[in-house]
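Here the structure is laid out as structure tokens; the discussion comes afterwards.
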Amino acid sequence: MQSKRRARAVDILLILLIVLPLAGAMTLKVLTTPDAPLSEGVQISGAQIYFTIPMPIQDLPITAAQVNSWAVILSILGVCLYLTHGIKVIPDSKRQLAAEWIVDTVNRLVRSNMGEKFIGFAPFVAGILALSALSSLSSLLGLFAPTSDVNIILGWAILVFILITHYKLKGGLWAYIKGFFSPIPVFAPLNIIGEIATPISMSFRHYGNVMSGMVISTLIAFALRSLSQTVLGWLPGTLGKIPFLQVGLPAVLSLYFDIFSGCMQAFIFAMLTMMFIATAAPEDA
Amino acid sequence: MIELAIGIILGCCAIGAGIALIAGIGPGIGEGQAVAKACEAVGRQPESKSQVTSTLILGCALAETTGLYGLIIGILLIFVAPGSFVGILKEAMTSWGAGL
């Protein structure tokens with residue numbers, strides 16, 4: 001009885017750990033949003049800067065993207081702890097089955113894409129997949145999606161690039177340098193550009209998709225507001241000021257731009273990570 | 001005079017954004033061909049539909065990349081470039097001592 005009660009208390013704490021970071025990020029956004037006049041033109045801006053930390057070379061701005069990214073990380077930590085709390089050898093709870101399903105799916109994905117010897121990469125791939133997908137989905141809560149800021153994605157892509165280079169260097173430094181001069185030395189500049197283009201293309205693909213979705217939804221919401229002002233503006237009093245035409249269409253667009261596109265890009269980022277690392281490793285290592 | 005200069009900057013940014021979006025042609029053609037081939041494949045082997053679909057979506061998303069480069073350039077030209085160009089222009093005007 002005592003242990004059951006303690007387990008329930010831990011559960012409640014972990015659920016709070018899942019919910020509180022996101023709620024905190026939302027509160028911070030609500031508190032710091034400047035009162036923009038509604039009637040003025042469409043405004044699309046990058047991540048809002050909450051405060052700056054003075055640094056020797058350049059001030060470090062703490063933006064909404066960074067804060068939301070950390071909130072998502074804490075929430076994922078909470079989900080992981082909640083799902084794996086009180087696991088047994090013979091599963092008797094639904095959440096342990098869910099956790100086992102997640103681990104099993106990612107293991108199968110990594111095994112089929114990278115081969116058996118890279119199975120240690122499964123947690124890394126699962127981490128990238130969860131972080132990227134939930135970052136994109138956090139825009140459903142009204143937060144600034146961390147994935148629509150190029151700095152966040154570029155950080156992940158540089159991490160992947162370091163891993164790729166690490167596995168290429170496992171074949172020996174000489175082989176790594178010689179790889180740039182193949183098939184003939186004339187190709188060296190092209191090969192170097194191609195090497196640098198990997199993280200840039202990975203980050204721009206993800207960020208461009210999410211951000212273009214955000215821009216298009218904002219533009220369409222603004223256009224619908226203007227349209228309903230011209231069409232329904234004759235209605236008396238405050239009734240004429242309510243943008244009735246904004247109901248409906250943005251929700252359908254959000255289904256594609258926020259949910260499908262975000263999850264798709266997360267999957268593609270994880271797939272490319274797996275493929276690049278698997279092809280970078282030397283055959284016999 | 002400076003009004004004319006700012007007008008030229010804004011107009012050229014808009015034209016540049018339009019030209020950058022020509023990059024959308026390539027992915028359009030490519031994804032169309034990919035979908036056509038996927039339809040053929042599903043028609044030939046309906047039992048492999050799920051595999052074909054997942055491969056197709058992955059390939060389409062990869063083919064989209066070049067179009068997205070153009071889109072990012074276009075968005076930068078519309079939302080970011082005019083402000084910074086006008087700022088550079090004004091700075092240059094004041095440093096030359098030309099009366100605005």
Side-chain angles (χ1 to χ4, degrees), chain A residues 41-47 105 108-109 112-113 129 132-133 136 147-151 153-154 157 193-194 197-219 222 256-257 259-276, chain B residues 6-7 9-11 13-35 38 47-87:
Chain A
V42 57
Q43 284 191 338
I44 296 168
S45 58
T105 311
R108 231 181 308 132
L109 193 70
S112 68
N113 282 306
L129 206 56
S132 168
S136 301
T147 39
S148 53
D149 189 330
V150 72
N151 300 304
I153 317 276
L154 198 58
I193 291 174
T198 309
I200 295 178
S201 118
M202 274 176 90
S203 58
F204 271 35
R205 178 182 300 119
H206 195 162
Y207 142 81
N209 247 303
V210 178
M211 189 203 55
S212 66
M214 188 187 78
V215 169
I216 292 170
S217 343
T218 314
L219 286 178
F222 178 73
Y256 175 78
F257 285 126
I259 298 177
F260 176 74
S261 182
C263 294
M264 196 65 237
Q265 289 305 316
F267 180 66
I268 286 163
F269 197 89
M271 280 298 265
L272 286 177
T273 304
M274 289 189 283
M275 281 178 196
F276 279 135
Chain B
I6 289 175
I9 287 177
L10 294 182
C13 282
I15 292 173
I19 293 174
L21 264 286
I22 293 177
I25 292 177
I29 296 173
E31 287 183 21
Q33 283 199 345
V35 173
E47 69 275 6
S48 68
K49 188 181 175 212
S50 63
Q51 275 190 324
V52 169
T53 312
S54 63
T55 316
L56 169 75
I57 289 176
L58 190 67
C60 277
L62 286 181
E64 228 170 48
T65 314
T66 48
L68 285 170
Y69 290 163
L71 182 81
I72 288 171
I73 299 294
I75 284 175
L76 285 180
L77 274 176
I78 288 176
F79 290 111
V80 181
S84 64
F85 285 163
V86 169

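What's counted below: heavy atoms across the whole structure, side chains too, no hydrogens, waters or symmetry copies. First the proteins, then the strands, lettered A, B, ... as listed; each starts at 1.
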Can you confirm whether B/Y69 is buried at OH, in the sense that more than 12 heavy atoms of other residues, nucleotides or ligands lie under 6.0 Å from that atom?
yes
Approximate separation, where rounding is to 0.5 Å, of B/L68 CG and A/Y207 OH:
10.5 Å
With chain B, which of A/V215, A/V150, A/N209 has the greatest number of heavy-atom pairs at distances under 4.5 Å?
A/N209
Output all residues satisfying side chain to side chain contact (heavy atoms under 4.5 Å, CB included) with B/T66, sequence neighbours left out; order by chain, then residue number.
B/P27
For A/S148, enumerate each residue passing the side chain to side chain contact (heavy atoms under 4.5 Å, CB included) test, keeping only those at least two apart in sequence or located in another chain.
A/F144, A/A145, A/V210, A/M211, A/M214
Could you grab the distance from atom CE of A/M271 to atom CG of B/L62, nearest 0.5 Å is fine?
9.0 Å
If you look at every heavy atom in A/S212 and B/L71, which pair is closest and at what distance?
CB-CD2, 2.9 Å
Which atoms of B/I72 are under 4.5 Å from chain A, going by heavy atoms: the side chain, the backbone, both sets, or neither?
side chain
Atom CD1 in A/I268, atom OG1 in B/T65: separation rounded to 0.5 Å?
8.0 Å
To the nearest 0.5 Å, tell me how far B/I73 CD1 sits from A/F204 CZ.
7.5 Å
Inspect the surroundings of CD1 in A/I216 and state if more than 12 heavy atoms from other residues, nucleotides or ligands are less than 6.0 Å away.
yes
What's the spacing between A/L272 CG and B/L58 CG if we round to 0.5 Å?
7.0 Å
